[in-house]
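Data block below; observations after.
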Amino acid sequence: MNNYIACEIAGIPSLIINPCEKARATVLLYHGWSSKIEDYLFFASTISSWGFKVIVPELPDHGVRGKLNYFDTQVLQANFWNVVLQGVKEAESIATALAATDDIISIIGHSTGGFIAAGALSKVSFLKSAIVINGSCAWVKFEELYRERDGRTPLTDAENIFLKEHDPQYKLNFGDKKRLLLLHGKEDSTIPIASQRYFMNEMSDVSEEYLQLIEYSGVNHQITIGMLEKSKAWLNKFPEAGTPVDVK
């Protein structure tokens with residue numbers, strides 16, 4: 001496993017994993033609910049072995065900045081979207097801080113981190129791609145299905161409007177040639193695949209060159225070797241790192 005550096009980027013505790021040779025580009029990697037950044041060192045080192053510098057930022061309330069009772073259903077319901085929305089803002093800050101020196105080509109996220117990756121791709125103009133693993137890009141639809149599954153009160157009009165303002169489904173612009181790869185277990189019981197299928201249906205006019213959903217039979221809420229292989233192939237579609245990106 002590659003050595004890592006613990007630091008803060010834009011005030012956010014993060015880990016940096018550098019490849020053995022000069023980095024082709026930089027990838028942001030976001031972890032999931034209840035995980036710590038250290039839990040993703042193997043995943044980050046794997047990406048780094050492909051030639052990329054990897055940054056693993058800490059999610060809000062998931063480390064030195066605080067903790068939650070992650071497996072309490074009421075705590076999850078009360079805090080999930082706060083973590084996601086703050087995480088997206090922090091991803092914007094981190095990407096902007098890095099952009100002066102790094103060619104940032106992609107953001108990858110698993111589970112809650114996948115929501116953040118999708119949100120950041122929709123808001124950061126110079127992010128070129130995202131890989132969302134067992135997450136969701138249709139936030140309103142996910143919340144509707146999530147509440148229905150748990151027998152909860154449906155979204156109010158105000159809640160719907162607020163969430164829609166941030167929902168990648170309504171914010172992503174594939175005309176900017178952004179690319180989005182969705183990898184999802186068909187048997188995922190934590191973040192069911194239904195909202196990703198809904199997203200793909202709503203985006204049916206987007207070319208496969210820019211948007212793909214790959215489903216994995218017999219897979220629950222895990223990251224599989226097959227997902228890693230597809231992630232590597234997706235990242236390898238991009239040209240070698242050159243000059244730093246132009247932040248506008």
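We're numbering straight along the sequence, starting at 1.
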To the nearest 0.5 Å, what is the distance between [atom1] on [X] and [atom2] on [Y]?
| X | Y | atom1 | atom2 | result |
| --- | --- | --- | --- | --- |
| L235 | W50 | CG | CH2 | 6.0 Å |
| I223 | Y216 | CD1 | OH | 11.5 Å |
| F174 | K177 | CZ | NZ | 14.5 Å |
| F71 | W33 | CZ | CH2 | 10.0 Å |
| K36 | L41 | NZ | CG | 10.5 Å |
| I133 | I214 | CD1 | CD1 | 10.5 Å |

Is there a side-chain contact between [X] and [Y] (heavy atoms, below 4.5 Å)?
| X | Y | answer |
| --- | --- | --- |
| L182 | Q212 | no |
| E187 | V219 | no |
| S111 | I191 | yes |
| W139 | L85 | yes |
| L15 | Y40 | no |

Has [X] got a side-chain atom pairing as donor or acceptor with [Y]'s backbone, closer than 3.5 angstrom?
| X | Y | result |
| --- | --- | --- |
| N134 | G185 | yes |
| S14 | I12 | yes |
| S93 | K89 | yes |
| S48 | N18 | yes |
| D102 | T26 | no |
| N173 | G175 | yes |
| S45 | F42 | no |
| H31 | L59 | yes |

Those residues that, when tested against [X], pass side-chain contact (heavy atoms from CB on, under 4.5 Å) (two or more places apart):
| X | answer |
| --- | --- |
| E21 | none |
| K171 | S122 |
| A78 | none |
| A97 | I9, A10 |

Applied to residues 67-82, the side chain to side chain donor-acceptor pair (under 3.5 Å) test, sequence neighbours excluded, yields W81-E143

So side chain to side chain donor-acceptor pair (under 3.5 Å) across residues 188-198, not counting sequence neighbours, yields S136-S195, H184-D188, D188-H221, S189-N220, R197-E215

inquiry  = Pair E144, K141 - check salt bridge (Lys or Arg N to Asp or Glu O under 4.0 Å), show working.
reply    = CA-CA 5 Å; E144 288 174 348; K141 175 56 68 174; 3.5 Å; yes

Check this for me: does any side-chain nitrogen of one of K128 and D103 sit under 4.0 Å from a carboxylate oxygen of the other?
yes

Partners meeting side-chain hydrogen bond (donor to acceptor under 3.5 Å, both in side chains) with [X] (sequence neighbours left out):
| X | result |
| --- | --- |
| E148 | none |
| S129 | S106 |
| K123 | H166 |
| R65 | E58, E90 |

Residue set satisfying ring-ring contact (aromatic ring centres under 6.0 Å, His included) with F142, at least two apart, ordered chain then number -> F115, Y146

Between side-chain atoms of residues 156-164 and protein atoms elsewhere (two or more places apart, or another chain), which donor-acceptor pairs fall under 3.5 Å?
from : atom 1 : to   : atom 2 : distance (Å)
T156 : OG1    : E159 : N      : 3.1
T156 : OG1    : E159 : OE1    : 3.4
E159 : OE1    : R147 : NH1    : 3.4
E159 : OE1    : T156 : N      : 2.9

